[in-house]
Amino acid sequence: MKSAQKIIATGAVLAMSITALSACGSSTADASKGKVYFLNTKPEIVDQLQELADAYTDETGVSVDIQTAASGTSNQTLTSELSKKDGPSMFNLAGFDQYAKFKDYLEPVQDSEAYKLLTDEGKSYSFKDGDTAYTIPYAAEWYGIIYNKKIVNEYAKKSYSVIKSADDITSWDVLKKVADSMQEHKDDLGLDGAFSTPGLDASDNYRFAAHMDRIPLFYELKDLGKTFSLDITGKYMDHYKDLWDTMVKDSPTEASLIGSGTYEDSTAEFSTGTVAFYPNGVWAYSQIKDNDVADDDLGMLPYYMGNPGEEDYGPAAVYDANWAINKNASDEDKQASLDFIKWMVTSDTGKNAIAKEMGFAAPFTSFGDDDQPANPLVAAAKEWTDKGKKAVYSANIPGQQWIDNVSNALVEYTQGTDKWDAVVQALAGTWKTLWEAYEQSSGMLPPEDPLS
C-alpha cells in the first residue's frame with residue numbers, strides 16, 4: 001500500500017545495497033553494555049537515525065551502528081543480513097508479508113518496556129501470534145477523504161447549499177448531496193469538479209484498489225467479528241459502488257478517461273484549489289503544501305459510503321512501520337536494542353526526531369500534544385479520535401495481484417466495457433484463492449484476532 005511506498009522521492013541510498021553508518025560516538029562505547037546493530041529499511045530517515053545513534057552513544061556509552069538498505073531492496077537485504085552470525089540486533093518490518101517471511105527471526109517483545117509504552121491502538125497493530133507480540137509499531141498513518149475547508153464553507157454560504165458548514169458532513173447521504181450540488185454549481189463556485197479525478201493509472205490506483213476497498217472489507221470483517229477471514233463475499237461493495245460512481249460523476253474527468261488519470265494530475269487538482277474533495281492519506285501533505293490550499297483549510301472525512309455503523313468511525317488507520325528484535329542476537333544486544341527503542345520514544349531528543357524531523361505520528365503514551373508532527377492532515381485525522389470515533393481497521397490484503405485485479409475491473413466498469421459484478425469478483429472471488437497461494441508459499445495467514 002502506498003502508505004508504505006510514499007510518493008515522496010527519497011533520493012537517498014540508491015547506489016549500494018547497504019550503507020553503513022556507524023555511530024560517531026562509538027569510540028566512547030562500553031562493550032559490556034551490549035551493542036545495537038539496527039538494519040533500517042527507510043532510506044528517507046537515515047540522517048535522523050544517525051544523529052540519534054550518535055546522541056545515544058554519547059549519553060549512554062552503548063554503541064549504535066545504523067545500516068540502511070537501498071530503496072526497493074528491503075527483502076533482499078534483510079534476508080542477507082539476518083542469515084549472518086553477527087546479524088542486526090533490530091530491524092524494520094513493513095506489512096504482513098515481511099512479518100510472515102521473517103517471523104523465524106523475531107524475538108517476542110510483549111514484556112518489554114518499549115512495547116508497554118505503546119497506546120492500546122498501537123498494540124493492536126503489532127504483529128502477533130496469539131498473545132505473543134513480535135513487533136513494535138512506531139508510526140501511525142491515516143487515510144480518508146481530504147477536503148478543502150475554505151471551498152466547502154464558501155459553498156455553505158450559497159443559497160443552493162445543502163449544508164450550513166463543513167461540520168455538517170457527517171454521513172454518506174450528506175456527502176453525496178454536497179458533492180452533487182457542488183458539481184451542479186461548479187461554474188459559480190469556480191471549481192472544475194467536486195472530487196479530484198479518481199485516477200486508475202498505475203501511479204494512482206492504490207487509492208481505490210488498496211485503500212478505499214478496505215472500507216467495505218472492514219465492515220464485512222466487523223460483522224464476522226475478526227480481523228481476517230478466507231470467506232469474503234463483497235457484502236458491502238454496493239456501498240463502495242455508490243461512492244465510486246459519485247466520485248467519477250462529480251470529478252473534472254470523463255469516465256472514459258479515468259483509466260489514464262494519474263496521481264500527479266489528481267493531486268494537482270486539489271492542491272491548486274480546483275476541487276473540494278481528494279481521497280488520500282496523511283502522506284499526501286508533502287505534495288499539497290506550498291500550493292494554493294492553506295494548512296488551516298485541510299480537513300479529513302472518513303470514507304463515508306453508507307456502511308452500517310460508519311457514524312461511529314473516523315478515517316482508516318494503518319501501521320506499516322514496525323521495529324523488530326532479532327531473536328538470534330545475544331541477550332545483551334537484544335536488551336541494548338530494546339533500551340535504545342525506549343530511549344527514542346521517551347527522551348526529548350528521540351521524540352523530537354521522530355515527530356518533528358521524521359514527521360511520524362508515534363503511537364506511544366510518552367508522546368504528548370507537543371510531540372506531534374507538523375502535518376495538518378495528521379491533526380485532522382486525529383480530531384476524530386478526540387470526538388470519540390474509532391479508527392477503521394485496515395485489513396490485510398493478498399498482495400499486488402489482488403490490487404491489480406480490482407484496479408483492472410474498475411477500469412473496465414468505469415469505461416462501460418464490463419459490469420460491476422466483475423469488480424466484486426475481483427475483490428471477493430479471488431480473495432480465498434490468492435490467500436491460499438500465499439499460505440502455501442509462506443506457511444502463514446493473517447491472524448483472526450477479535451474485531452468489534
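Both backbone and side-chain heavy atoms feed into the values below; hydrogens, waters and symmetry mates do not. Start at 1 with the first residue, then count along the sequence. In this text, all values refer to a predicted model and were calculated from it rather than measured experimentally.
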- request: State whether the side chain of N375 and the backbone N or O of Y285 hold a donor-acceptor pair below 3.5 Å, judged by distance alone.
  value: no
Review item, side-chain donor-acceptor pairs of residues 380-390, under 3.5 Å, at least two apart:
{"unit_1": "K382", "atom_1": "NZ", "unit_2": "Q372", "atom_2": "OE1", "d": "2.8"}
{"unit_1": "W384", "atom_1": "NE1", "unit_2": "M300", "atom_2": "O", "d": "2.7"}
{"unit_1": "K389", "atom_1": "NZ", "unit_2": "E311", "atom_2": "O", "d": "2.7"}
{"unit_1": "K390", "atom_1": "NZ", "unit_2": "Y313", "atom_2": "OH", "d": "3.4"}

- request: Indicate the ring-plane relationship of H211 and Y143, choosing parallel, tilted or perpendicular according to the 30° and 60° boundaries.
  value: parallel
- request: Check the side chains of D333 and S89 for a donor-acceptor pair under 3.5 angstrom, ignoring hydrogens and angles.
  value: no
- request: Say whether, by atom type as modelled, one donor and one acceptor occur between the side chain of S80 and the main chain of Q76 under 3.5 angstrom.
  value: no
- request: For T73 and T77, test the side chains for any donor-to-acceptor distance below 3.5 angstrom and give the result as yes or no.
  value: yes
task: Could you verify whether a donor N or O on one side chain and an acceptor N or O on the other, from S74 and T41, lie under 3.5 Å apart?
output: no
message: Angle between ring planes, W283 versus Y206, binned at 30° and 60°: parallel, tilted or perpendicular?
response: tilted
task: Say whether, by atom type as modelled, one donor and one acceptor occur between the side chain of Q50 and the main chain of I66 under 3.5 angstrom.
output: no
- prompt: Is N291 reaching over with its side chain to a backbone N or O of K289, donor-acceptor style, under 3.5 angstrom?
  reply: yes
query: With a 4.5 Å heavy-atom cut-off, do S126 and I136 have their side chains touching?
result: no
task: I would like to know whether L298 and F270 meet side chain to side chain contact (heavy atoms under 4.5 Å, CB included); could you show each step before the answer?
output: CA-CA 11 Å; L298 288 172; F270 182 80; 3.7 Å; yes
task: Evaluate the side chain to side chain contact (heavy atoms under 4.5 Å, CB included) criterion for residues Y240 and L427: first the C-alpha distance (whole Å), next the side-chain angles of each, then the deciding distance (0.1 Å), finally the verdict.
output: CA-CA 12 Å; Y240 179 106; L427 179 131; over 6 Å; no
statement: Heavy atoms of G273 and V293 approach each other most closely as N-CG2, 4.4 Å
message: If we ignore hydrogens and angles and just use 3.5 Å, is the side chain of K327 paired with the main-chain N or O of P108 as donor and acceptor?
response: no
- request: State, with a plain yes or no, whether a side-chain heavy atom of S337 is found less than 4.5 Å away from one of F38.
  value: no
- request: Please work out whether the ring planes of Y219 and Y236 are parallel, tilted or perpendicular, with thresholds of 30° and 60°.
  value: perpendicular
- prompt: Where the side chain of K351 meets the backbone of A362, is there a donor-acceptor pair that is under 3.5 Å apart?
  reply: no
- request: Could you walk me through whether F367 and T119 pass side chain to side chain contact (heavy atoms under 4.5 Å, CB included), step by step?
  value: CA-CA 10 Å; F367 281 68; T119 62; over 6 Å; no
- prompt: Is any side-chain heavy atom of Y263 less than 4.5 Å from a side-chain heavy atom of D201?
  reply: no
- request: Report yes if some heavy atom in the side chain of K101 is under 4.5 Å from a heavy atom in the side chain of T79; otherwise report no.
  value: yes
message: Quick check for you: to the nearest 0.5 Å, what is the distance between S251 atom OG and F277 atom CZ?
response: 13.5 Å
query: Should we say atom CG of D312 is surrounded by more than 12 heavy atoms from elsewhere, each under 6.0 Å from it?
result: yes
message: Measuring from atom NZ of K235 to atom CG of L221, what distance do you get when rounded to the nearest 0.5 angstrom?
response: 11.0 Å
task: Take N326 and F91 through the test side chain to side chain contact (heavy atoms under 4.5 Å, CB included) and record every step on the way to the result.
output: CA-CA 8 Å; N326 184 359; F91 52 97; 4.0 Å; yes
- prompt: Taking the six-membered ring for Trp, are W435 and Y438 parallel (under 30°), tilted (30 to 60°) or perpendicular (over 60°)?
  reply: perpendicular
query: Do D231 and L224 have side-chain heavy atoms sitting under 4.5 Å apart?
result: no
query: Are a donor atom and an acceptor atom from the side chains of T233 and E220 found within less than 3.5 Å of each other?
result: yes
message: What I want to check is whether the side chains of T262 and D265 have a donor and an acceptor closer together than 3.5 Å.
response: yes
message: Do the side chains of D449 and K128 get close enough for a salt bridge, i.e. N-O under 4.0 angstrom?
response: no
- prompt: Is atom CD of E436 surrounded by more than 12 heavy atoms (other residues, nucleotides or ligands) closer than 6.0 Å?
  reply: yes
- prompt: Got more than 12 heavy atoms from elsewhere within 6.0 Å of NZ, K222?
  reply: yes
- request: Using modelled atom types only, decide if a donor and an acceptor are shared between the side chain of S260 and the backbone of L257 within a distance under 3.5 Å.
  value: yes
field: Min side-chain heavy-atom separation D86-K35 under 4.5 Å
entry: yes
field: Interatomic spacing from CG in D290 to CG in D295 - rounded to 0.5 Å
entry: 8.0 Å
- prompt: Are E412 and N408 close enough that a side-chain donor and a side-chain acceptor fall under 3.5 Å?
  reply: no
statement: Interatomic distance, CD1@I45 vs CG@N92, rounded to 0.5 Å, equals 6.5 Å
task: Please round to the nearest 0.5 Å and tell me the distance separating atom CZ of F364 and atom CG of L117.
output: 7.5 Å
field: Distance-minimising heavy-atom pair for I146 and G281
entry: CD1-O, 3.8 Å
- request: Answer yes when K33 and D339 have at least one side-chain N-carboxylate O distance shorter than 4.0 Å, and no when they do not.
  value: no
field: Contact check, side chains of M344 and Y138, non-hydrogen atoms, under 4.5 Å
entry: no
- prompt: Just checking, any donor-acceptor pair under 3.5 angstrom between side chains of Y278 and T267?
  reply: yes
message: Checking T417 against Q415: is there a side-chain donor and acceptor pair closer than 3.5 Å?
response: yes
task: Considering non-hydrogen atoms only, spot the tightest contact between F195 and T246 and give its length.
output: CE1-CG2, 4.4 Å
- prompt: Any side-chain donor paired with an acceptor under 3.5 Å for D421 and Q425?
  reply: no
message: Strictly distance-based, threshold 3.5 Å: is any side-chain N or O of E59 a donor or acceptor partner for the main-chain N or O of A55?
response: no
- prompt: Nearest heavy-atom pair of L230 and K432: which atoms, and what distance?
  reply: O-CB, 3.6 Å
- prompt: Going by heavy atoms in the side chains, are I258 and W244 under 4.5 Å from each other?
  reply: yes
- prompt: Do T197 and E269 get their side chains close enough for a donor-acceptor pair, meaning under 3.5 Å?
  reply: yes
task: Find the distance between CD (E439) and OG (S441) and round it off to the nearest 0.5 Å.
output: 9.5 Å
field: K116/E113 ion pair, N-O < 4.0 Å
entry: no
message: Whether the side chain of S407 engages the backbone of I403 through a donor-acceptor N/O pair (distance < 3.5 Å, no angle test) should be reported.
response: no
query: So which heavy atom on R207 is nearest to which on Y303, and how close?
result: O-OH, 4.0 Å
- request: Measure across N307 and H239 and return the closest heavy-atom pair with its distance rounded to 0.1 Å.
  value: OD1-CD2, 3.2 Å
query: Where the side chain of S394 meets the backbone of A317, is there a donor-acceptor pair that is under 3.5 Å apart?
result: yes
